[in-house]
2 protein chains.
Amino acid sequence: MHNTDKLKRILHKENLRYTQQRQEVWDEICASDEHQDAEGIYNSLRKRQVNVSRATVYRTIDVLVKNNLVRRLNLDDGRSRFENKTGIEHHDHIVCLDCRKIIEFMDGTIEKMQTRIAKEQGFEIVRHVHQLFGRCLDEKCPNK
Amino acid sequence: MHNTDKLKRILHKENLRYTQQRQEVWDEICASDEHQDAEGIYNSLRKRQVNVSRATVYRTIDVLVKNNLVRRLNLDDGRSRFENKTGIEHHDHIVCLDCRKIIEFMDGTIEKMQTRIAKEQGFEIVRHVHQLFGRCLDEKCPNK
DNA sequence: TCCTCTATTGAGATTGAGTCTCAAAGAAGT
DNA sequence: ACTTCTTTGAGACTCAATCTCAATAGAGGA
């Protein structure tokens, strides 16, 4: 399904109108895989002459997150970052504390274990956060 | 080692002075296991007639966190929460989305697996965040 | 105990991400 | 094109956290 159709589908489901601004915000999130924050999305749009207000960027992101088109990441740096969640397998993140490089990982065994652990404690998991912070061994990383 | 000694040790190491305010903040964190936020710690102190400013609460917490006496938790609710980290085994958290109940869990196998995964990706882990958000089955939980 | 040198403190200003307000603009059905 | 109702944008506002700076108070030495 094309990105525009995904957007139209959730807007219809939520009884919201299809607007140019919402399309532009969603396009920007689809176009980048850099885990941009809201300000970054806003700046990227302005850079290519798209006039969308900050308020609309935030409001649109909320709709996209609520409807599972976008994932909100909290990487402990004081702002939310966003990634397109469609057509992508679930994964968690490893973050370099020096260069802020973000890479993705996924381990089915860990996923199953955490579900079991939660159940043993009387919880039904809705979502989880699993982030590994450390130092990468990349030559270009500033701490080398 | 007594709590006061732990505090004095890190203050000395950091070339900082031992003050009544720093002792009070540390005492409050030691006295409670409710994962209080900075405002909560500030209010608890005022309630028992201890005059410490908000700025001092924040500044003291930073020193305690930096020196591993306190752990900062980011539970996705827009503020940091704190727990005494001394004399306590490492653990992660399960949080009920309805009643915000927090319980702790720890699984050695998962810990080892995440270290291995990070190494495979060229990272040396410094710290990790592993949080399970869901719904508890507690009778008293508001969503029942 | 007093002095001196600095670090610390408190009150309030400031920051910054995110939210809210409300008049004007714009979807979408008729 | 008309009407209705939603959405938008600009800027005010919120709230956790940080910063500023004059006044206060540790801590070592005399």
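Naming: A, B, ... by sequence-line order, numbering from 1 per chain. Just so it is clear, the model here is predicted, and its values are computed rather than measured.
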Could you check which residues of residues 58-72 of chain B get a heavy atom under 4.0 Å from DNA chain C? Sort them by number, please.
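The stretch gives Arg59(B) as the residues lying under 4.0 Å from the strand, ordered by number.
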Starting from the 5' end of DNA chain D, give me the residue, Asp37(B) or Tyr18(B), whose nearest nucleotide shows up first.
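Closer to the 5' end of DNA chain D: Asp37(B).
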Think Gln21(A) has a side-chain N or O under 4.0 angstrom from the OP1 or OP2 of dG26(C)?
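No, no such contact exists.
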Test: Glu34(B) and Arg81(B) ion pair at under 4.0 Å
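Answer for the salt bridge query: no.
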With the threshold set at 4.0 Å, does a side-chain nitrogen-carboxylate oxygen contact exist between Arg116(A) and Asp107(B)?
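Judged by the 4.0 Å cut-off on N to carboxylate O distance, Arg116(A) and Asp107(B) do form a salt bridge.
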Going 5' to 3' along DNA chain D, which are the first and last nucleotides with any atom under 4.0 Å from a heavy atom of chain B?
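Nucleotide range with atoms under 4.0 Å of chain B: dA16(D) to dA27(D).
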Find every protein N or O atom lying less than 3.5 Å from an N or O atom of nucleotides 3-5 of chain C, and list the pairs.
none

By salt bridge (charged side-chain N to carboxylate O under 4.0 Å, His left out), which residues pair with Lys85(B), not counting sequence neighbours?
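Scan of Lys85(B) (salt bridge (charged side-chain N to carboxylate O under 4.0 Å, His left out), adjacent residues dropped) gives none.
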State which residues pass salt bridge (charged side-chain N to carboxylate O under 4.0 Å, His left out) with Arg54(A); sequence neighbours excluded, sorted by chain then number.
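Testing Arg54(A) for salt bridge (charged side-chain N to carboxylate O under 4.0 Å, His left out), a comparison that skips the adjacent residues, returns Glu39(A).
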Distance check needed: dT19(C) P versus Asp77(B) CG, whole Å only.
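Those two atoms, CG and P, are 14 Å apart.
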Gap between atoms CG and P, on Leu16(A) and dG29(C) respectively (whole Å)
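Rounded to the whole Å, the gap is 14 Å.
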Could you work out, with side-chain contact (heavy atoms from CB on, under 4.5 Å) as the rule, every residue matching Asp76(A), not counting sequence neighbours?
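Testing Asp76(A) for side-chain contact (heavy atoms from CB on, under 4.5 Å), a comparison that skips the adjacent residues, returns Asn74(A), Phe133(A), Asn74(B), Arg127(B), Val129(B).
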If you take all heavy atoms of Cys96(B) and Arg135(B), which pair is closest and at what distance?
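Reported closest heavy-atom pair: SG-CA, 4.1 Å.
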State which residues pass side chain to side chain donor-acceptor pair (under 3.5 Å) with Thr86(B); sequence neighbours excluded, sorted by chain then number.
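For Thr86(B), the residues satisfying side chain to side chain donor-acceptor pair (under 3.5 Å) (neighbours in sequence not counted) are Lys6(B), Asn84(B).
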Does Leu64(B) sit in a hydrophobic cluster with other residues, and if so which ones, taking ILVMFWY side chains as linked at heavy-atom separations under 4.5 Å, directly or through other members?
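Under the 4.5 Å side-chain rule, Leu64(B) groups with Leu7(B), Ile10(B), Leu11(B), Leu16(B), Tyr18(B), Val25(B), Trp26(B), Ile29(B), Ile41(B), Tyr42(B), Leu45(B), Val50(B), Val52(B), Val57(B), Ile61(B), Val63(B), Val65(B), Leu69(B), Val70(B), Phe82(B).
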Other members of the hydrophobic cluster containing Met106(B), with the 4.5 Å side-chain heavy-atom rule, please.
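Members alongside Met106(B): none; it stands by itself.
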Show every donor-acceptor pair shorter than 3.5 Å between a side-chain atom in residues 87-95 of chain B and any protein atom, with sequence neighbours excluded, or say none if there are none.
unit_1, atom_1, unit_2, atom_2, d
His90(B), NE2, Asp92(B), OD2, 3.4
His90(B), NE2, Glu111(B), OE2, 3.1
His90(B), NE2, His128(B), NE2, 3.3
His91(B), ND1, Glu89(B), O, 3.0
His91(B), NE2, Glu83(B), OE1, 3.4
His91(B), NE2, Glu83(B), OE2, 3.0
His91(B), NE2, His93(B), NE2, 3.4
His91(B), NE2, Glu104(B), OE2, 3.4
Asp92(B), OD1, His128(B), NE2, 3.3
Asp92(B), OD2, His128(B), NE2, 3.2
His93(B), NE2, Glu83(B), OE1, 3.3

Shared ILVMFWY cluster between Leu132(A) and Leu97(A), side chains joined below 4.5 angstrom?
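Looking at the clustering, Leu97(A) is in a separate group from Leu132(A).
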Using five pairs at either end of the helix from dT1(C)-dA30(D) to dT30(C)-dA1(D), determine the angle between the two local helix axes and round it to 10 degrees.
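Rounded value for the end-axis angle: 30°.
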Between His130(A) and Phe105(A), how do the two ring planes meet: parallel, tilted or perpendicular, split at 30° and 60°?
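Perpendicular, since the angle between the ring planes exceeds 60°.
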Under 4.0 Å, heavy atom to any atom of DNA chain D: which of residues 38-57 of chain A qualify?
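By residue number: Asn51(A), Val52(A), Ser53(A), Ala55(A), Thr56(A).
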